[in-house]
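Residues take their numbers from the sequence shown, with the count starting at 1.
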Amino acid sequence: MRPARALIDLQALRSNYRLARELGGGKALAVVKADAYGHGAVRCAQALEADADGFAVAAIEEALELRAAGIRAPILLLEGFFEASELPLIAEHDLWTAVGSPWQVDALAAYEGPAAITVWLKLDSGMHRLGLDVAAFRAAHARLSALPQVAGVVMMTHLARADELDSERTHEQAATFAEAIKGLPGETSVCNSPALLGWPDVRSDWVRPGLMLYGANPLAAASALTARLRPVMNMRSKVIAERWIEAGEPVGYGARFVASERTRVGVVAMGYADGYPQFAPNGTPVVIDGQPGVLIGRVSMDMLTVDLTTHPQAGVGSDVELWGGQALSLSELAPRCGVSAYQLPCAVKRVRREYA
Ligand SMILES: *Cc1c(COP(=O)(O)O)cnc(C)c1O
């Protein structure tokens with residue numbers, strides 16, 4: 001069997017969730033959209049269900065997958081509904097929906113169904129993606145609160161630059177939100193992972209941690225707080241071939257690596273079709289049988305190559321860690337490869353996931 005695997009540490013996931021909730025000081029929706037950032041939404045939700053106050057996904061398809069797997073906790077649809085025809089399903093499966101566009105408010109006003117729906121009304125506090133402006137938000141709050149088909153209204157907004165600790169934008173957005181909700185009854189929800197880790201003075205009744213659940217730091221720098229995150233995914237495979245090449249000889253597509261001296265090349269069963277970044281540069285760190293090593297040559301679809309010259313004990317069958325563990329954090333690897341820590345696990349496919 002091909003040795004590429006993603007080991008998923010569910011204890012670490014639970015520990016990160018508890019940290020997020022502790023930092024938020026209230027209730028926390030575990031964000032498991034995009035198949036739990038590539039970690040497997042059903043398995044992650046099952047592992048968290050005893051602890052979690054609820055879950056958040058992007059859309060109804062993802063929520064129904066969790067319901068079909070027996071998840072009974074509340075589930076919020078972060079993108080809301082795309083067509084009014086989803087509303088009966090949302091009610092039937094007891095889902096919560098974000099509402100961030102005027103047409104969605106109208107659709108709810110027109111909806112008639114057996115069960116009432118909980119709405120998370122979204123304010124555009126400055127990200128300018130989804131959400132209503134202050135006046136429309138306050139009007140929609142009044143309108144929705146009066147509807148019998150609306151079970152309750154939670155007030156939410158989303159932060160655009162909470163990962164930039166030197167930007168004033170987060171405080172500006174928080175102030176806009178505070179102004180918009182003044183005098184309105186109901187719970188609030190503001191914080192994502194970077195806000196929980198970087199902005200202790202921005203808080204809300206509900207927090208919505210995503211990336212930090214998976215043990216990755218969304219901030220540029222590590223801190224005592226981010227050191228408490230435990231990595232959840234460990235991407236690994238094995239050396240499947242080895243060879244010596246002479247000085248001046250290239251490795252792989254495009255001869256991106258040319259040996260400056262006699263070099264022992266190890267071929268690892270892991271490529272960009274597995275989610276490893278295709279443009280990881282020469283020198284990108286890997287861990288070979290527990291020892292630090294480096295990538296050489298361009299990453300292929302199914303394979304990549306590492307330098308075994310200084311790993312005399314390593315050879316065919318040696319373990320290679322691509323990320324995870326304590327040694328190779330997503331947050332350090334991602335910027336070297338020109339991607340974000342969010343993208344790396346989200347891109348994982350084809351590799352076998354093993355849960356522990
Ligand atoms: C994805 C998402 C989150 C989680 O963000 P992280 O940065 O991964 O913590 C929170 N809220 C909304 C609206 C989202 O779309």
Worksheet item: With the 4.5 Å side-chain cut-off for hydrophobic clustering, are Leu330 and Leu10 part of the same group?
Response: yes
Donor-acceptor pairs are to be reported for all side-chain atoms of residues 153-160 against protein atoms at under 3.5 Å, with residues two or more places apart or in another chain.
{"residue": "Thr157", "atom": "OG1", "partner": "Leu123", "partner atom": "O", "Å": "2.7"}
{"residue": "Thr157", "atom": "OG1", "partner": "Ser125", "partner atom": "OG", "Å": "2.7"}
{"residue": "His158", "atom": "ND1", "partner": "Arg208", "partner atom": "NH2", "Å": "3.1"}

Worksheet item: For the residue pair Val202 and Cys191, what are the closest heavy atoms and their distance?
Response: O-SG, 3.1 Å
Fill in: Pairs where residues 332-344 contributes a residue and the test side chain to side chain donor-acceptor pair (under 3.5 Å) is met, not counting sequence neighbours
Ser329-Glu332
Worksheet, complete the sentence: Hits for side-chain hydrogen bond (donor to acceptor under 3.5 Å, both in side chains) against Gln11, two or more places apart or cross-chain, chain-then-number order -> none
Worksheet item: Sequence neighbours excluded, which residues qualify as salt bridge (charged side-chain N to carboxylate O under 4.0 Å, His left out) partners of Asp133?
Response: none
Practice prompt. Check salt bridge (charged side-chain N to carboxylate O under 4.0 Å, His left out) between Glu172 and all other residues, then give those that pass, not counting sequence neighbours.
Written response: Arg169
Item to complete: Name all pairs fulfilling the side chain to side chain donor-acceptor pair (under 3.5 Å) condition that reach into residues 94-109, sequence neighbours left out, sorted by first residue then second.
Response: Asp106-Arg143
Fill in: With Arg21 via salt bridge (charged side-chain N to carboxylate O under 4.0 Å, His left out) - residues at least two apart
Asp53
Practice prompt. Could you tell me which residues satisfy side-chain hydrogen bond (donor to acceptor under 3.5 Å, both in side chains) with Tyr355, sequence neighbours excluded, listed by chain and number?
Written response: Arg353
Practice prompt. From the options Val258, Thr305, Thr309, select the one residue that forms a side-chain contact (heavy atoms from CB on, under 4.5 Å) with Thr263.
Written response: Thr309
Worksheet item: What pairs with Glu83 under side-chain hydrogen bond (donor to acceptor under 3.5 Å, both in side chains), at least two apart in sequence or on another chain?
Response: Ser85
Worksheet item: Just checking, is any N or O donor in the side chain of Asp35 or His39 under 3.5 Å from an acceptor N or O on the other one?
Response: no
Discussion item. Salt bridge check, Glu65 against Arg67: does any charged N sit closer than 4.0 Å to a carboxylate O?
Written reply: no
Practice prompt. Output, in order, the C-alpha distance, side-chain angles, deciding distance and verdict of salt bridge (Lys or Arg N to Asp or Glu O under 4.0 Å) for Lys27 and Glu187.
Written response: CA-CA 10 Å; Lys27 290 178 280 188; Glu187 293 179 314; 2.9 Å; yes
Run the side-chain donor-acceptor check on residues 289-296: report pairs under 3.5 Å with partners two or more places apart or on a different chain.
{"residue": "Asp289", "atom": "OD1", "partner": "Asp319", "partner atom": "N", "Å": "2.9"}
{"residue": "Asp289", "atom": "OD2", "partner": "Ser318", "partner atom": "OG", "Å": "2.7"}

Item to complete: Can you run down the side chain to side chain donor-acceptor pair (under 3.5 Å) pairs that involve residues 266-284, sequence neighbours left out, and say none if there aren't any?
Response: Arg2-Asp274, Arg256-Asn282, Asp274-Arg350
Fill in: Sequence-distant partners of His171, ring pair (Phe, Tyr, Trp, His ring centres under 6.0 Å), two or more places apart
Trp199
